[in-house]
Number of protein chains: 2
Amino acid sequence: MCAVDYAFQRIGGKHKGRVIYQLRNGIKRYGELRRLVTGITAKMLTQVLRELEDDELITRTVYLEVPPRVEYELTDTGRELLPFIRLLADWGKQQMEKEIIAE
Amino acid sequence: MCAVDYAFQRIGGKHKGRVIYQLRNGIKRYGELRRLVTGITAKMLTQVLRELEDDELITRTVYLEVPPRVEYELTDTGRELLPFIRLLADWGKQQMEKEIIAE
DNA sequence: CTGTATCCACGACGATACTG
DNA sequence: CAGTATCGTCGTGGATACAG
């Protein structure tokens with residue numbers, strides 16, 4: 001398989017990029033992510049987080065408290081993706097601005 | 001909308017990344033792309049190329065010859081994505097090597 | 001608060017046949 | 001050579017209700 005393909009499988013999908021992006025500055029809780037990643041449903045957030053965890057791009061830490069607390073954080077491998085996500089975000093931002101000017 | 005989201009919409013999907021990647025060194029013909037982007041069908045290649053063209057990431061040049069010749073090339077905007085695709089490819093490659101070692 | 005379970009719609013994608 | 005047309009499948013992702 002091709003490396004580009006492989007990478008897209010691991011960070012592709014509708015929300016994965018944004019979840020990783022929101023974890024760029026460190027630990028976030030489930031509820032925080034749900035608010036930050038606008039438009040995502042609980043089901044999808046859970047699914048994305050599980051996939052990222054299986055891929056060892058994030059860690060999941062459960063605190064046995066009441067109310068329960070679960071924290072997510074990028075692994076080293078996950079952090080390696082940040083420059084790439086940032087580049088993409090910058091490009092996207094520029095393009096969006098161009099479109100606004102064009103209209 | 002978020003810039004990361006926006007960017008993913010423009011380069012997401014199963015084959016877009018690879019098509020852009022194959023155009024990294026300049027002009028390619030339809031048939032070349034079909035061979036280089038393994039596993040893609042004619043329909044999907046056409047669709048991807050049209051979308052990239054609409055997005056102004058590539059140009060499409062038709063030569064009225066027999067047999068017909070159609071060439072595709074990245075635009076400046078499209079070329080701006082190359083560092084990003086390369087980064088992604090490098091990361092994917094490293095990860096794939098890790099997996100092989102792990103097994 | 002942090003999830004699961006179920007059901008379902010929709011669009012991406014593929015296979016195949018055909019065309020200028 | 002470079003596509004288009006048609007039909008079908010499959011998985012992603014959404015809505016809603018429920019649970020530890």
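Lettering of chains follows the sequences in order, A, B, ..., and the numbering in each one begins at 1. In this text, all values refer to a predicted model and were calculated from it rather than measured experimentally. Values below: all heavy atoms of this structure, side chains included; hydrogens, waters and symmetry mates excluded.
- Only at 4.0 angstrom or more do the heavy atoms of residues 19-31 of chain A sit from any atom of DNA chain D, so none qualifies.
- Less than 4.0 Å separates DNA chain D from at least one heavy atom of each of the following residues of residues 33-53 of chain B: B:Lys43, B:Thr46, B:Arg50.
- Of the residues in residues 59-73 of chain A, those with a non-hydrogen atom less than 4.0 angstrom from any atom of DNA chain D are A:Pro68.
- Side-chain contact check for A:Ile11 versus B:Phe8: some heavy-atom pair is nearer than 4.5 Å.
- The side chain to side chain donor-acceptor pair (under 3.5 Å) test applied to B:Thr61 returns no partner, not counting sequence neighbours.
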Show me the donor-acceptor pairs, under 3.5 Å and distance only, between side chains in residues 65-80 of chain B and residues at least two apart or in other chains.
residue: B:Glu65; atom: OE1; partner: B:Arg69; partner atom: NE; Å: 3.4
residue: B:Glu65; atom: OE2; partner: B:Arg69; partner atom: NH2; Å: 2.9
residue: B:Arg69; atom: NH1; partner: B:Glu71; partner atom: OE2; Å: 2.9
residue: B:Glu71; atom: OE1; partner: B:Tyr63; partner atom: OH; Å: 3.2
residue: B:Tyr72; atom: OH; partner: B:Arg60; partner atom: NE; Å: 3.2
residue: B:Thr75; atom: OG1; partner: B:Glu56; partner atom: O; Å: 2.8
residue: B:Thr75; atom: OG1; partner: B:Leu57; partner atom: O; Å: 3.2
residue: B:Thr75; atom: OG1; partner: B:Thr77; partner atom: N; Å: 3.4
residue: B:Thr75; atom: OG1; partner: B:Gly78; partner atom: N; Å: 3.1
residue: B:Asp76; atom: OD1; partner: B:Arg79; partner atom: NH2; Å: 3.0
residue: B:Arg79; atom: NH1; partner: B:Leu74; partner atom: O; Å: 3.2

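- In this structure, the side chain of A:Arg18 engages the main chain of A:Thr38 through a donor-acceptor pair within 3.5 Å.
- At least one donor-acceptor pair under 3.5 Å links the side chain of B:Glu32 to the backbone N or O of B:Arg29.
- Using a 4.5 Å heavy-atom cutoff, the side chains of B:Leu88 and B:Tyr21 are not in contact.
- Proximity of a side-chain donor or acceptor of A:Arg10 to a complementary backbone N or O of A:Ala7 within less than 3.5 Å is not detected.
- A 6.0 Å sphere centred on CZ of B:Phe84 holds more than 12 heavy atoms belonging to other residues, nucleotides or ligands.
- Taking the 5' to 3' direction, DNA chain C first and last meets chain A under 4.0 angstrom from a heavy atom at C:dC1 to C:dC7.
- Residues B:Gln22 and B:Val37 form a side-chain contact, since some pair of their non-hydrogen atoms from C-beta on lies under 4.5 Å apart.
- Linking Ile, Leu, Val, Met, Phe, Trp and Tyr residues whenever their side-chain heavy atoms come within less than 4.5 Å leaves B:Leu52 and B:Leu36 in two separate clusters.
- Listed for the A:Arg34 side chain is no donor-acceptor partner under 3.5 Å among the backbone atoms of A:Thr41.
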Verdict with reasoning, B:Ile40 to B:Leu33, per side-chain contact (heavy atoms from CB on, under 4.5 Å): CA-CA 9 Å; B:Ile40 199 169; B:Leu33 289 173; over 6 Å; no
